[in-house]
Amino acid sequence: MGRFYALHCLILLYLFPPQACQVFPAERDGRMELPAEISGRKEQILVRTGFTVSYNSEWKIPNWVAYELVREEVGGDVPRGKRFVPDPGVSSGESATTDDYRNSGWDRGHMAPAADMKWSRQAMDESFYLSNICPQNRNLNAGVWNSLEEQVRALAAEKGRIYVVCGPMVSERPRTIGANRVAVPDAFFKALLQNDGGVWHAIAFVFENRSGRNPLATYAKSVEELQALTGIDFFPALPDRIEAETESRVDFTKWNVSGR
C-alpha cells in the first residue's frame, strides 16, 4: 500500500529539499496501518519505501512506525544493512546521530525490522535511518521483541497480510543519551491488525524497556487498552463500529499466541 507514496517521495527528492518527503493528514485516509494525527506532540510524517514514520524532533525518535507486511515480502533475500545514518528528511539539528548511541549501554533498536525489509535494497537501507531507531535494552531487542517480530512474519506468510504499528512509550521527562539528548523509552508497543475471511482482528503488546522474557501472551493487550496508554488512535481507517468492536477484544486463536 505504501509503494505509490514512496515513488511520489523519490520524485519529490529530485525537485525539492528532503523535507518535502512527507505525508499530510488528508493523505492518510484509506491506509489501514496509519494511526490518526497526534495532537499536542511533535510529529513529522516521513514516507519510506517499506514503512511510514511519525517522527518526534523533540525526542529524536519516532512516535510510531507503521507498515503493511504481505506474504510476498517475507521471503526476500536482500542482505541485512550495516550502516545507521540520519534520515535525509529530518533536519540535521533535529536528528540523532550514531555517536549518541555509542557507549550508551543501549542498542540501536529497529522499529520497522530490517528482516521485514529484505524484499527491497532501498527498503532495507531506509530501515537503518535513525528515524526508525530507538534506544532499546539489548536483552529485549534480541529477546521477546525479536520473537514478536518473527511471529509477525510467520503470520504474514500464513494470513497473506498483516498491518503493524510499533513505537516507544516515553515519559514526560525521559532519560536521554548523547549530545542530541535522544529520549530513552520506558517501554515499547506493537499493534497488529488482520482481516481473516472478512472479519477484522487486532491485538497489541507492551514491553518494558528492560531485560526479561515471558510468554508473548503475558505482554498482550487490546488495542483499546493501548490507545488509553499512548494517546494514539490506531487503525482509524476502519469504520467506526468495526473499529470499536475490533479494538476492544483479543482473540488469541487468530494470532497463534497462547492466552494462558
Side-chain angles (χ1 to χ4, degrees), residues 1-6 23 27-37 47-52 54 64-77 111-113 115-120 123 127 144-167 188-207 214-230 232-260:
M1 286 177 63
R3 311 301 182 261
F4 170 79
Y5 291 95
V23 170
E27 296 178 84
R28 302 188 193 188
D29 294 345
R31 296 189 57 198
M32 300 304 302
E33 72 273 26
L34 296 186
E37 182 178 6
V47 179
R48 299 297 167 236
T49 304
F51 54 93
T52 301
S54 165
W64 52 257
V65 176
Y67 63 101
E68 171 194 46
L69 188 64
V70 299
R71 180 181 293 121
E72 294 75 19
E73 295 172 345
V74 173
D77 57 4
M111 295 297 96
D116 286 5
M117 303 296 150
K118 294 189 295 182
W119 50 273
S120 162
S127 76
V144 69
W145 184 258
N146 180 65
S147 296
L148 182 55
E149 292 174 343
E150 293 175 346
Q151 181 70 15
V152 170
R153 287 189 285 275
L155 285 164
E158 175 188 350
K159 306 292 187 180
R161 188 182 310 272
I162 299 293
Y163 300 99
V164 184
V165 189
C166 56
F188 292 92
F189 68 83
K190 186 163 290 191
L192 307 176
L193 178 71
Q194 62 161 295
N195 188 303
D196 186 14
V199 179
W200 292 97
H201 298 277
I203 193 171
F205 298 86
V206 172
F207 306 90
N214 296 307
L216 278 177
T218 64
Y219 303 96
K221 298 181 179 296
S222 70
V223 171
E224 184 176 73
E225 290 174 304
L226 181 61
Q227 289 182 161
L229 290 171
T230 62
I232 298 173
D233 180 7
F234 297 96
F235 311 124
L238 287 170
D240 289 344
R241 181 185 60 79
I242 295 175
E243 181 184 6
E245 181 180 351
T246 300
E247 294 179 350
S248 64
R249 57 181 169 77
V250 176
D251 183 350
F252 286 103
T253 66
K254 299 299 181 182
W255 298 101
N256 297 338
V257 174
S258 173
R260 293 175 297 178

Those residues that, when tested against F207, pass ring pair (Phe, Tyr, Trp, His ring centres under 6.0 Å) (two or more places apart): W145, Y219
Listed partners of A202 passing side-chain contact (heavy atoms from CB on, under 4.5 Å), at least two apart: L193, V223, T246
Working for side chain to side chain contact (heavy atoms under 4.5 Å, CB included), residues F234 and Y163: CA-CA 11 Å; F234 297 96; Y163 300 99; over 6 Å; no
Rounded distance [0.5 Å steps], CD1 in I203 versus NZ in K190: 12.5 Å
Heavy-atom donor-acceptor pair, R71 side chain to R161 backbone, under 3.5 Å: no
By side chain to side chain donor-acceptor pair (under 3.5 Å) - contacts of S248 (at least two apart): none
What side-chain donor-acceptor pairs closer than 3.5 Å can you find for residues 237-244, not counting sequence neighbours?
none

Set of residues satisfying side chain to side chain donor-acceptor pair (under 3.5 Å) with respect to W255, sequence neighbours excluded: none
V144 vs N214, side chain to side chain contact (heavy atoms under 4.5 Å, CB included): CA-CA, chis, key distance, verdict: CA-CA 7 Å; V144 69; N214 296 307; over 6 Å; no
Partners meeting ring pair (Phe, Tyr, Trp, His ring centres under 6.0 Å) with F235 (sequence neighbours left out): none
Residues that S222 engages under side chain to side chain donor-acceptor pair (under 3.5 Å), provided they are two or more places apart: E225
Gap between atom CD1 of I232 and atom CZ of F189 - 0.5 Å precision: 4.0 Å
A156: partners by side-chain contact (heavy atoms from CB on, under 4.5 Å), with sequence neighbours left out: L69, V74, I162
Sequence-distant partners of E150, side chain to side chain donor-acceptor pair (under 3.5 Å), two or more places apart: N146
All ring pair (Phe, Tyr, Trp, His ring centres under 6.0 Å) counterparts of F205, not counting sequence neighbours: none
Listed once per pair and sorted, the salt bridge (charged side-chain N to carboxylate O under 4.0 Å, His left out) pairs that draw on residues 248-257, sequence neighbours left out: D196-K254, E245-R249
